[in-house]
Amino acid sequence: MELLVDTREPDASVRATSRSVDGQLDMSFNVRAEDLGTVRDIVAAHLCWWRIDTGTAHGMLTVVNELLTNVLQHTSADAGGCRMASLLLQKVPDGVTAIVRDQDPCPPVYASPDPLAEEGRGLMLLRALADDTSVSVTPAGKDVWVFIGTPEPTEHF
């Protein structure tokens, strides 16, 4: 399955590319709040297609949503008003990985929010759901990588 859409006009309603091949989904797009549901639907469809268990899929959907929400909340728009990011989702032998790349070189800051605060728990949530995480600052911005393992199959006697 391969879908490629590439619109570069500033007035275009969609500015994205997407490719899915052999257990890998690679998307680049302008992150907009109104499109996060569509991105979740695309990710959910791929996780289902790859036969990822429900618990792992739910965790990965939550993590991807949180990382893309962070792009919206913590990165500046470019000269064209876009917050471009990419998502690379991969099925690996023992789980699923995701990399969200954005144009902001500032790494996320892990902090303890006030108990009554309505925000500031995203990275704590990410750490709770993911089995492993890392952040790499790159010349183009940063990459946030997460891994969620799939449960080992149980043997039935």
> Quick one: pull up OG1 in T69 and NE2 in H74 and give me the separation to the nearest 0.5 Å.
9.0 Å

> Does the side chain to side chain contact (heavy atoms under 4.5 Å, CB included) test come out yes or no for Q24 and L88, once each step is laid out?
CA-CA 7 Å; Q24 179 174 301; L88 177 62; 3.5 Å; yes

> Can you find a heavy atom in the side chain of L87 that is under 4.5 Å from one in the side chain of I99?
no

> Hey, are the side chains of D22 and W50 touching, using non-hydrogen atoms and a 4.5 Å cut-off?
no

> Could you tell me the separation between the CZ atom of R51 and the CG atom of D53, rounded to the nearest 0.5 Å?
13.0 Å

> Is a side-chain donor or acceptor of D102 paired with a backbone partner of V71 at a separation under 3.5 angstrom?
no

> Write down the atom of D35, the atom of N30, and the distance for their closest heavy-atom approach.
OD2-O, 4.3 Å

> Is the closest side-chain heavy-atom distance between L67 and L126 below 4.5 Å?
yes

> Please give me the minimum heavy-atom distance between L129 and V63, naming the atom from each residue.
CB-CG2, 3.9 Å

> Could you give all pairs that pass the salt bridge (Lys or Arg N to Asp or Glu O under 4.0 Å) test and reach residues 86-98, with sequence neighbours left out?
none

> Kindly say whether T17 contributes a backbone atom to a donor-acceptor pair with the side chain of R19 at under 3.5 angstrom?
no

> Can you check whether S86 reaches R101 side chain to side chain, under 4.5 Å on heavy atoms?
yes

> Are the side chains of S20 and M27 in touch, meaning some heavy atoms are under 4.5 Å apart?
no

> Check salt bridge (Lys or Arg N to Asp or Glu O under 4.0 Å) between R83 and all other residues, then give those that pass, not counting sequence neighbours.
none

> Indicate the atoms forming the closest heavy-atom contact of I148 with A130, along with that distance.
CG1-CA, 3.8 Å

> Are P108 and V135 packed together at the side-chain level, in the sense that at least one heavy-atom pair is separated by less than 4.5 angstrom?
yes

> Check whether any side-chain heavy atom of L47 lies under 4.5 Å from a side-chain heavy atom of L89, and answer yes or no.
yes

> Of all the heavy-atom pairs spanning P105 and V137, show the shortest one and how long it is.
O-CG2, 3.6 Å

> State, with a plain yes or no, whether a side-chain heavy atom of V146 is found less than 4.5 Å away from one of M60.
yes

> Can you name the nearest heavy-atom pair linking V31 to A85, along with the distance?
CG2-CB, 3.5 Å

> Counting only pairs under 3.5 Å, give me each side-chain donor-acceptor contact of residues 36-44, with atom names and distances, residues two or more places apart or in other chains.
| from | atom 1 | to | atom 2 | distance (Å) |
| --- | --- | --- | --- | --- |
| R40 | NH1 | N65 | OD1 | 2.5 |

> Which heavy atom in V92 sits nearest to a heavy atom in V96, and how many Å separate them?
CG2-N, 4.0 Å

> F147 vs W145 aromatic rings, parallel, tilted or perpendicular, using cut-offs 30° and 60°?
parallel

